[in-house]
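Before any comments, here is the structure.
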Amino acid sequence: MSTAPEPTPAVAVENLSKVFKAGLGKRAFVAVRDLSLTVREGEVYGLIGPNGCGKSTTMKTVLGLLAPTRGRTAIFGRSSTEVASRQAVGFLPENPYFYKHLNGLETLLFYGRLCGLAGAELRDRAREMLSLTGLEDAADRRVAGYSKGMLQRLGLAQALLHRPRLVVLDEPTAGVDPAGSRKIRDLILGFREQGLTVLVTSHLLEQMQEVCDRVGIMAHGRMMREGRVDELIAVENQTELVLRDASPELLAGIRELVERDGRAALVRSGQPRTTLESLFLEATEEKP
Amino acid sequence: MKRRLQALSVLLLLGLVKLPVEQTATATLREARLLTAMPDFGLRDQLGQMSFAAALGGLRSLVASFTYLRAYNAWENVNWAMVDSLFQITTRLQPRYEHYWDEAAWHMAYNAASYYLNDETLNPAVRGKLFHEHIRRGHDILQEGLRVLPEDPRLWNSLAELYERRTYEPARAAECYLKVAEFTGNARFLRFAGYQFAQSADRAFWQRGYDLLRAAYDKNQRPPTLINTLKDLEKKLEVPAERRIPESYVPVPSGAAVPG
Amino acid sequence: MTSYRAFSPARIWTLATATVTQLLRMKILIFLLAFCALVVAAGFAFPVLNPEQQLKLLKDVSFGALQVFSLVIAIVATALLLPRDLEDRTLYTILSKPVPRHEYLLGKLLGVLLLIGAGLLLMDLAFSAVLWLREKLLLAQIIQALEAKTPEAVAQLQEIVGKQGLNWGLHLGVLAVFWKAAVVAALALMISCFASSTLFTVVVTFCVVIIGHGQGLIREYFLQGGTLAEPVKKLLSALLAIVTPDLGVFDVVDNVINGEAVGLGAALAMSGTALLYLTGYAVVSHLLFVEKEL
């Protein structure tokens with residue numbers, strides 16, 4: 001594949017539009033307008049935007065759950081309308097639920113069989129996924145008793161079960177507490193190391209910033225910005241300087257130097273703040 | 001949208017293909033006596049909406065059982081009009097179940113008829129009239145049942161008994177016993193027919209009775225009633241002496257005993 | 001990554017067994033226990049009736065319960081399947097696996113049919129056991145009451161009671177009940193493929209089931225041909241006869257209870273008709289579901 005000049009993208013969305021027909025007398029709703037995006041193999045791509053901007057619709061179209069009104073979507077070169085294209089995908093829907101009467105292991109066995117796995121191979125793989133997602137101890141418990149974070153991780157486990165090359169995650173941290181959310185973030189970072197391609201949607205920008213190679217920002221069904229995260233968020237004409245144990249005299253000297261320069265200007269100074277997320281984590285992880 | 005149209009066309013196509021299949025299946029199953037014609041809508045008023053719907057929905061036998069139980073209850077309360085109307089519903093629901101016809105007729109021709117005959121609160125003329133009317137009703141029920149089940153020996157037997165014991169019409173009883181013999185293959189009923197013919201007032205019937213009984217006699221069926229009746233008929237028909245059966249009792253040859 | 005197969009009975013079986021366990025969680029076993037209690041009660045409830053009628057009543061009540069059980073499960077359980085999966089989003093996780101949509105539908109339908117089939121089989125066993133026992137008890141009672149001693153007399157009584165007793169036709173009657181429920185389940189699944197709510201599916205299926213029992217009348221009225229005097233009535237009856245299935249074809253139970261034997265031809269006629277409906281409805285369901293927006 002590497003020999004080809006243009007390698008097949010993991011996900012290709014070309015001029016996608018999706019219109020939902022409403023009932024009689026109501027106007028049709030345009031969820032996605034002329035959207036194009038490409039996810040290269042091995043990268044983590046984040047699709048971000050406010051709720052209702054068309055992220056989930058795009059994702060469902062890629063997975064073949066919705067049919068495009070115009071345009072086309074493909075996974076590793078195979079149209080999403082082909083069932084076979086799904087062989088290479090693992091999908092974690094937003095707030096997933098599973099058959100409540102099954103336990104964690106049975107749930108994975110069920111999904112594994114749907115992917116054509118069987119026997120000892122399936123059992124080993126399911127156990128492996130449970131340990132990867134930290135659900136080993138809950139393997140024999142009914143899914144009905146799982147917390148939201150555990151359901152999310154079980155969702156990840158079923159998405160990864162059949163060793164897909166592409167993982168699609170819809171709001172993977174929605175409603176999950178920060179500890180669980182961090183665990184999921186670490187898993188995504190792990191996928192990247194293993195060379196998996198990840199397509200993830202979220203409206204939590206901070207998290208996306210940490211894990212994504214590239215992001216696309218959607219609003220009103222359109223792609224507003226797209227690019228590498230560090231490029232998108234870098235403010236090019238500013239420089240940050242963080243000091244430790246600086247005396248008031250030193251700070252006054254620096255200010256004086258800036259004033260003397262004439263061209264540069266001091267935008268702000270003060271104590272750097274930690275993110276609320278890290279503060280919360282710090283507080284909750286402290287031992288009493 | 002395209003798919004929806006396709007779905008609709010397949011549904012309509014299936015509808016057209018299935019019509020002859022349904023016709024054939026219904027015919028096959030009716031022939032095999034597994035399906036009965038639909039209950040008519042007149043029954044709806046008698047049954048009530050719910051029971052009628054249940055009867056339509058494949059629970060006809062169950063609904064019939066319930067109306068039968070109600071009829072049974074009416075009988076315990078000696079309400080003959082109710083017994084009759086509930087049995088009418090029951091037999092209309094399950095016309096192929098001979099037991100209902102049989103029991104309905106028995107209630108009318110025997111129980112109800114005798115009840116009125118013995119009811120001393122009524123004047124004798126009314127008692128006689130009601131007695132005969134209910135026997136007639138029982139007779140009609142059996143006739144109706146036989147229209148549905150023309151080859152049912154049980155109903156023919158009940159009708160024969162009714163002619164024999166209630167209306168005293170031996171020739172008709174005999175004809176009915178012949179039917180029973182025909183549909184059961186049991187020779188006993190040929191003899192019963194013979195006895196009834198013998199009791200009729202018509203010479204032509206005596207001859208038929210004689211032929212039947214003589215044939216039975218020749219097949220070594222020789223119970224005392226048969227011998228006595230045969231001798232009686234020989235006299236009535238003036239059968240020449242050489243063709244009459246022996247005067248003394250003739251033992252049946254060994255190994256050919258036939259009871260009854 | 002495993003290789004993808006376009007059609008996989010193993011996948012359908014996985015979906016079917018998951019559906020069975022899913023439905024079993026809806027406390028269906030309680031219904032089966034209630035059935036057994038009802039059958040035993042019906043078997044011993046009316047000792048004053050004549051033995052023939054007692055056995056008939058036992059069969060009537062049992063077959064009534066069998067039909068109600070199978071139809072209720074066929075309508076309600078099937079109507080719940082798709083909305084439940086959609087609500088739980090299990091449909092998304094299943095269909096984002098390499099599972100063709102028709103396999104998903106087939107799996108669901110097969111699951112319902114397995115459940116109804118197994119339920120009917122268990123009920124048939126329970127009912128047969130009670131009937132057999134009741135038959136033997138009644139026979140012993142009559143023989144004692146009538147002081148029948150000769151082998152001929154006993155044989156005659158056996159024949160009379162036996163006609164209302166246990167026979168193979170009864171099991172084929174249960175088969176007819178199964179086919180009817182199977183057709184209704186396929187119908188409910190088809191309706192739920194375009195229905196907007198579970199209630200809609202239940203109500204519409206229930207209506208079609210009612211019309212389906214009278215479809216024979218409607219069809220014969222339409223096929224009689226003849227008068228053009230009432231073209232509107234004719235057209236309506238034609239439409240109803242085409243759109244609804246003839247469920248009356250499976251109502252052989254009434255006569256099976258009465259002791260009529262189900263021959264090979266009759267069994268084939270019922271099974272053939274049922275399979276025609278099942279195939280037709282499955283194809284229509286597929287067409288409605290294959291591009292359904294989830």
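In what follows, chains carry the letters A, B, and so on, assigned in the order in which the sequence lines appear, proteins first and then strands, with residues in each chain numbered from 1. Any value given below was found using the heavy atoms of this structure, including those in side chains, with hydrogens, waters and symmetry copies removed.
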Handout entry: Minimal non-hydrogen separation, A25(B) against V249(C), with atom names
Key =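 Heavy atoms of A25(B) and V249(C) come nearest at CB-CG1, 4.2 Å.
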
Toward chain C, the part of [X] with a non-hydrogen atom under 4.5 Å:
{"X": "Q23(B)", "value": "both"}
{"X": "L29(B)", "value": "side chain"}
{"X": "L13(B)", "value": "neither"}

Handout entry: Lys/Arg-Asp/Glu bridge criterion (N-O < 4.0 Å) met for R3(B), E293(C)
Key =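 Salt bridge absent between R3(B) and E293(C).
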
Problem - Sole candidate of D251(C), V61(C), D254(C), V256(C) that passes side chain to side chain contact (heavy atoms under 4.5 Å, CB included) when paired with S61(B) - result: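 Running side chain to side chain contact (heavy atoms under 4.5 Å, CB included) over D251(C), V61(C), D254(C), V256(C) with S61(B) returns exactly one hit, D254(C).
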
Problem - Interface residues of residues 175-192 of chain C facing chain B - non-hydrogen atoms under 4.5 Å apart - result: K180(C), M190(C)

Contact check, side chains of [X] and [Y], non-hydrogen atoms, under 4.5 Å:
{"X": "K56(C)", "Y": "Y68(B)", "result": "no"}
{"X": "E22(B)", "Y": "Y277(C)", "result": "yes"}
{"X": "D246(C)", "Y": "T26(B)", "result": "yes"}
{"X": "Y72(B)", "Y": "Q53(C)", "result": "no"}

Handout entry: Best-contacting candidate, T24(B), L14(B), V63(B), V17(B), against chain C by heavy atom pairs under 4.5 angstrom
Key =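 If we count pairs closer than 4.5 Å to chain C, L14(B) comes out on top.
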
Please classify the contact of [X] with chain B as side chain, backbone, both or neither, using a heavy-atom distance under 4.5 Å.
{"X": "A261(C)", "value": "backbone"}
{"X": "T279(C)", "value": "neither"}
{"X": "I257(C)", "value": "side chain"}

Handout entry: Between OG1 on residue T28(B) and CE on residue M270(C), distance to nearest 0.5 Å
Key = 11.0 Å

Practice task
Could you tell me which of L57(C), L288(C), V253(C), T273(C) has the largest number of non-hydrogen atom pairs under 4.5 Å with chain B?
Solution key: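 Between L57(C), L288(C), V253(C), T273(C), the count favours L57(C).
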
Handout entry: Donor-acceptor under 3.5 Å (K18(B) side chain, T244(C) main chain)
Key =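 Looks like yes, one N/O pair under 3.5 Å.
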
